[in-house]
Every structure is written in C-alpha cells, then in structure tokens.
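What's counted below: heavy atoms across the whole structure, side chains too, no hydrogens, waters or symmetry copies.
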Amino acid sequence: MADESEQRLKIRRLLNDASDSKEISLLIQKIVGEEMDSSKPVDRDRIGSLILQNSTFRQYIENMGLVEEAHAAQDIPPPSVIAPPLPPGVPGLRVRITRMIVKTAGSLDKGTALELHLQFGSDRAEVAPLSLSRDIALRNTFFFPLGAAGEELAATPFFDTPFTLHVVLVASHPNGNRATLGVRAVKWRQVLHTPSCEIALDLCSTYSPTTVVATVFMELSGVHTPELSRSHFDVLNQNSNALVETSYKNFIEATERWWAAFRAAWTARHTASTALDLRRVPLSEPGEFGHTVPVLAIVQPIPHHLQYPAVTDPEAAHRFVSLLPYTTTSIPGGGRHRVWHNLHTIVARGAGDVEDHAALLCSLLLGQGLDAFIAIGSSYPEKADTSAWVVTFTRDDPGAPTFWHPCFCQRLSWAEIAANPSVLPLSTIDCMFNHESVFVNFSLQAMIHPGIDFNIRDPGQTQWREISLDTLAPFAPGPLALFRDRPPRILPMQLHHAVPLVPGPLSVRPWAGFKGVHETMRDLEVQLMDRIRERRLGAGQELTVESAALKAVLGAMPGRMEAEKVHNMTCQLPEITDLTQDQLRRVSRPGQRLIAVPLVCSHIAGGRVFSQFLQSAQGMDVVDCKAHDPQFAVAAGVFPYAERAVATWVVIGVVFTPFTS
C-alpha cells in the first residue's frame, strides 16, 4: 500500500481542475453531509481525506471520468486475469471480459441494463445483462474455435484473415427500448506474437453521451507461433495494412472513374444533369466506425446453416426482420443520421432503422438462394427523403420483381404494382445493390411505372447501368476484406447468445423474461384479464365475468392471424367478422351481442400490451363495455422467431346484452 501522504498528493492533483471552491463545497455538503465555508480556499488535503474515507464521494469522483487516476491514487491492484484452462487440442481464441467502467453515464437511468455482445468469425457470445453501476467486475470467458480438434495451425496465414473481434455495447432500458452505446472492431492479430494480451477497449459512440471502458483479455491456443518474432510480426502487420489501404484507395479511384463515365453517358443521352444530381446513388456510405463503407460490403449472404430454422423460409425471415423495432440514429439538434451498421450490430441491438432492416432482410434472402437487392429511392418524389426496400427477382420472370418492405410485413408482386402503382409506398428507385453489383437507374425519371424495365441482367436493356465486382477487380477484394466481416449466426429467441467453452453445439440458456411459449401465453392472458377487472372496478362498472365458451372460440384466432400475416403480408389487422353461426350460438344467447378486437405487437409485457390495446376506440369499447351481464375472454398467441423478435397476438372479446332504450 502506498504512503498516505503520497496518496493525498495524487488526489490533490486529481482535484486541481475539478471545479471551483463553491461547487466543491456544495458537493461535499451534499454527499458527505459536512458543511464547508465556500468563501475560504478549498483545503485540498481535507478533500483527499474525505475521498479516502468515504466510498460515496469516491464513487462521485469516478463518475467524473477520473476513475483510473482515483484507483491509482488508492493503489488498488488490477483485477486478476486468471481464467480456466483452454480446451485441449482445439485451436482458437479465448476472450475474457474482466471489467467495465462507466465513465460517463449520459442519460442512462438506474433501471438500465448493459449487454456486451461479441462476434468472432460467425460465432457470437454475450455477457449477460448487467445492472448499471460505475465499476463492474466480470468473470466472463468465451472460446472461439479457429479449427478442428487436433488441427495444428500456423500464425502467418491469419494475416490474410479479414474478420475481427467485433464488440457491441447495448443498453436495455426499463421501457423495453434498446440502444447501441458503442461499437468497436478489435484487432486480435496482436496475440499472434505473444501468448496473451490485455487491452482497454473504449466503447463510445459519436451520437451517445455514454462512455464505457472494457478490459479485454485475449489468448491464443493451438496456433503454432515460435517463428513469429515481434519484428517479424510488425513487418507482416505493416504489409497487410498497407495492402488494404492501397486497395481501398484504388477502389475509390475506380468508383470515381466509373461515376465520371456514367455522368458523361447520362449527359450525352439526357443533356440535363440536374436530375442526376438529385439521384441517390451511394457507391460508398457512412459506416458505424465513422468512415465510408463500399455498398458492396454492406450486404452479406447469411448462409443457410447460420440461420435459425424458424427463419429459413423467406416469408418467415421477412416476418422476423419486420418484428425488430424501428429506431433511428438522431443527430444533435434534430434530424436522422443514416449509418449502415454491421449485421452483428443489428442483431445484437435487436432494432434498427429502415437501412438496418433492409440490410438484414436482404442478407437472409440471399443466404436462402434468392436474387435479392436493396432498392434505394424516395417515398415522395418532391421531398428529399430516402427509403429502402428489398427487391427480389426470379429466373422464370426476371422482369417482374417482388418488393419487400423491411420494416412492415408487406410484400407486393410486380403484377399488383403494375395494376395499381399507388399500392407501393416507394415512388422512385435510384439504384439497387447487393454484395456483387450496383445497378443505377439510367432513365431521366426514376419514377416507378408499369412500363419500367426491371430485367436488369438483360444485355440489351437500357434502363440500368451496372457496376460490379468484376468491374472493380482487382481493387475490390482489399477494401471489402477491410469492411466485410463474416455474417453472424442467427440464434433462437429463447436462447442467450453464448459460445461454449468446449466447441460444439451452442449452450442453451433461457432468455430473461421468456419462460416458454405456453407459459408466457398463459401469464399474458392472466395479466390482461386482471387489468380489465381493475379498470372496470375503478370505473364502478359491472362485475367482470370470464367466459370459458368465448375463450374457446377465440383461442384459435391468434395462430390463424399470424399465419395470414406471414403468408399474405398484409399491413391491415383482420376484423373478427367471420365467426360461424354455430360459434355464435355457443358463446351467446338470443338478444346478446359479441365484440372481439385483435391486437398485434412485438413484445410480451402485459402492461404495454394493455396500454396499446386501449389506444384504439374499438379496444376501449370492449374493455369499457356498458351493458347487462358482460362476459369477457382473452386469447393470446406468442410466436418467437429468432433473436429477440416475437409476434404477440391478443384477441379480447366480450359478450353482452345491450341496454334497452
């Protein structure tokens, strides 16, 4: 332990520029409960004593972003990095998160939980939700295999491996909202020349006031590294980085040359260049790390074997993506900041804007063998808004695409659009792109109309101009390797994202708050019926009675409506108007009436479901039914897809005898 006088000197240096005398005196009075005369100079030594003696005051100093210096002043040893032994005979990377320090909490409240998500290759891991505090000690170790058991790997080839250790910090708020606090790509190759290393990872975002530092310990196992000295490592690392930087520079120059040729051809054909200046043609777009990303690196086919079976059908994949909440990245002062996020960031957050939804849906459909593209256009041609849809083509009829709205469960065929163009909320298409090609609309008007030629691969068509990987070769592989990580594994909803210490099937652990389909449905029905009773009792209305017969009739409706939602892709809620006369006779007597109202949402919180149900006039008519002998029933259906995406259907009905006038 350091000498006390030395500690006081260090703490005095901490507080020299912390604040003025009045603020420090108020701080001490508020936290320590001891009054100080703010008119006199601050006794820095006395404050040092208070810090040493009072844990609350010490916590406040840590909150000011001085946590590392405060710990140094108190001579606190760093946490141990001892971890369990590596699995024998399996080459791989062991990653351990030992500590997280919240330097600046921003707008996070006490009910917020922090989650740390990791991806290496296609494997994923998650540090279980942690209660928000300033200094979080962790003991989470994950093993990411690099090869099969008994396989001996050399270190040198890993300099050509594009993937990184991708880390995402997510805040889960009490109201159910989720936000990305920080994203980092860790250059793990430094462990190729040393048995292990420990780094401090600064997790922050340009648009988030929260700053978190995580201590990450990495160790390589089963990789042959004796020939790789530090000097040899530096040479290989510099050569690899220089190659990527040169390739990216050449890539940008190649795209600029292509765009100049496109502009010249446009001017020669259309003479007017003003329409082209308004065209949205993103050859490079803003990425999550603050630099531009080639659009060819935004979309990645997620192979079939990496998709959870519940979403390997195109319609189910569409439903899964549409259930992820829509959210935007706001710019200070207002507005929306368009950023194309890594696929792992999207699934870790479990939410995103229209571009995030489109990138994930397109990647899933490509992995299922569909010819899918992201279409960039405008919902309103007179406005400067940008919208993104997913478009798929078939070999049988390549000129008749299908349009998929990524945020809503809506799918439109070209026959439907050609018959009535107003059914498509997308008015213009400026370009379409996937992982291999970008097709730019070459017509003067980008409006969608029945005569537009969508046969993009026809050599004789004049509607679209293509820039592809073949066009950019040999420049594309370098920058794409720099920005295109491996696609993430899509996991089932009721499982935590966990990678076992011994390679093999993913270890399963129930997702917090999700007990199981049937139990969750029963709990939700009980919660909703209790809230109906409470609301009617508070309003002095007639006693609420539950009808078992009505419950039996309504019970099959959630499953049927979810199936219709998946396969018909309609955005409208169905009306409960198709009950048979036999069903009506079973639940009502002559002179009685039946009202049943459906609701669909993407969460399972009873209070939120009930509040959402009451937002419609029909829902309030059911719950606040004023009549003789009202009998209620609640039928719920919970349909988990993958990750945190769940479709919850609720039908609340009431049978009653109307008052006579």
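Rounding to the nearest 0.5 Å gives a distance of 4.5 Å between CH2 of Trp389 and CD of Gln410. Between the CD atom of Glu126 and the CZ atom of Phe142 there is a distance of 8.0 Å, given to the nearest 0.5 Å. For the atom pair OG1 (Thr648) and CE (Met521), the distance works out to 10.0 Å, reported to the nearest 0.5 Å. Distance check, rounded to the nearest 0.5 Å: CD1 of Ile456 to CD of Gln463 gives 11.0 Å. For the atom pair CD1 of Ile490 and CG of Leu306, the computed distance is 8.0 Å after rounding to the nearest 0.5 Å. Taking CG of Leu554 as the reference point, atom CG of Leu594 lies at 7.0 Å (rounded to 0.5 Å).
Looking at heavy atoms from C-beta onward, Trp404 lies in side-chain contact with Leu370 at the 4.5 angstrom threshold. Side chains of Asn177 and Thr327 form no contact here, defined as non-hydrogen atoms less than 4.5 Å apart. With a 4.5 Å cut-off on side-chain heavy atoms, Ile429 and Trp464 count as touching. The shortest distance between side-chain heavy atoms of Val390 and His357 does not fall below 4.5 Å. Residues Leu343 and Gln300 have side chains in contact (heavy-atom distance under 4.5 Å, counting atoms from C-beta outward).
Residues satisfying the ring-ring contact (aromatic ring centres under 6.0 Å, His included) test with His304, not counting sequence neighbours, are none. With sequence neighbours excluded, no residue satisfies salt bridge (Lys or Arg N to Asp or Glu O under 4.0 Å) with Arg593. Not a single side chain to side chain donor-acceptor pair (under 3.5 Å) links His405 to another residue, sequence neighbours left out. Take Asp458 and apply the side chain to side chain donor-acceptor pair (under 3.5 Å) test, not counting sequence neighbours, and it matches no residue. Residues passing the side chain to side chain contact (heavy atoms under 4.5 Å, CB included) test with Val423, sequence neighbours excluded: Leu412, Ile417, Asn420. For Phe320, the ring-ring contact (aromatic ring centres under 6.0 Å, His included) test picks out no residue, with sequence neighbours left out. Annotation: salt bridge (Lys or Arg N to Asp or Glu O under 4.0 Å) contacts of Glu546 (sequence neighbours excluded): Arg533. For Ala400, the side chain to side chain contact (heavy atoms under 4.5 Å, CB included) partners at least two apart in sequence or on another chain are Asp397, Trp414. Here Arg178 pairs with Glu115 under the side chain to side chain donor-acceptor pair (under 3.5 Å) rule; sequence neighbours left out.
Screening Val646, Leu323, Val321 for a side-chain contact (heavy atoms from CB on, under 4.5 Å) with Tyr641, the sole residue that qualifies is Leu323. Screening Leu296, Ile298, Leu366, Val295 against His435 for a side-chain contact (heavy atoms from CB on, under 4.5 Å) leaves a single residue, Leu366. Partner Val183 forms a side-chain contact (heavy atoms from CB on, under 4.5 Å) with one of Val168, Asn342, Leu169 and no other, that one being Val168.
At least one donor-acceptor pair closer than 3.5 Å links the side chain of Thr428 to the backbone N or O of Ser378. Of the possible donor and acceptor atoms, none in the side chain of Asp371 sits under 3.5 Å from a partner among the backbone N and O of Phe393. Side chain of Ser363 to backbone of Ile302: no donor-acceptor contact under 3.5 angstrom is found. Checked by atom type and distance alone, the side chain of Asp356 pairs as donor or acceptor with a backbone atom of Asp353 at under 3.5 Å. A donor-acceptor pair under 3.5 Å is absent between the side-chain atoms of Trp649 and the main chain of Ala635, judged by distance alone. At distances below 3.5 Å, at least one donor-acceptor pair connects side-chain atoms of Arg536 with backbone N or O atoms of Cys625. Judged by distance alone, with hydrogens and angles left aside, the side-chain atoms of Glu643 form no donor-acceptor pair with the main-chain N or O of Gly350 at under 3.5 Å. A distance-only check finds a donor-acceptor pair linking the side chain of Asn434 to the backbone of Ala372 [under 3.5 Å]. Checking side-chain atoms of Gln618 against main-chain N and O of Pro598 turns up no donor-acceptor pair under 3.5 Å.
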Could you give me the CA-CA distance, side-chain angles and deciding distance for Leu203 and Leu181, then say whether side chain to side chain contact (heavy atoms under 4.5 Å, CB included) is met? CA-CA 7 Å; Leu203 295 167; Leu181 299 183; over 6 Å; no
Any chance you could lay out the side chain to side chain contact (heavy atoms under 4.5 Å, CB included) test for Met561 and Val600, step after step, and finish with the verdict? CA-CA 9 Å; Met561 290 187 289; Val600 62; over 6 Å; no
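Annotation: salt bridge (charged side-chain N to carboxylate O under 4.0 Å, His left out) contacts involving residues 603-624, sequence neighbours excluded, comprise Arg535-Asp624. Applying the ring pair (Phe, Tyr, Trp, His ring centres under 6.0 Å) definition to pairs two or more places apart or across chains, none involves residues 594-619. The list of salt bridge (charged side-chain N to carboxylate O under 4.0 Å, His left out) pairs with a residue in residues 548-557, not counting sequence neighbours, reads Glu525-Lys551.
The two residues Val347 and Pro488 come nearest to each other via the heavy atoms CG2-CG, 4.3 Å. In terms of heavy atoms, Ala388 sits closest to Ile374 at CB-CG2, 4.3 Å.
By the 4.0 Å N-to-carboxylate-O rule, Glu564 lies close enough to Arg560 to be salt-bridged with it.
Looking only at atom types and distance, the side chain of Gln592 has no donor-acceptor partner in the side chain of Gln631 under 3.5 Å away.
For Phe433 and Trp340, the ring centers sit closer than 6.0 Å to each other.
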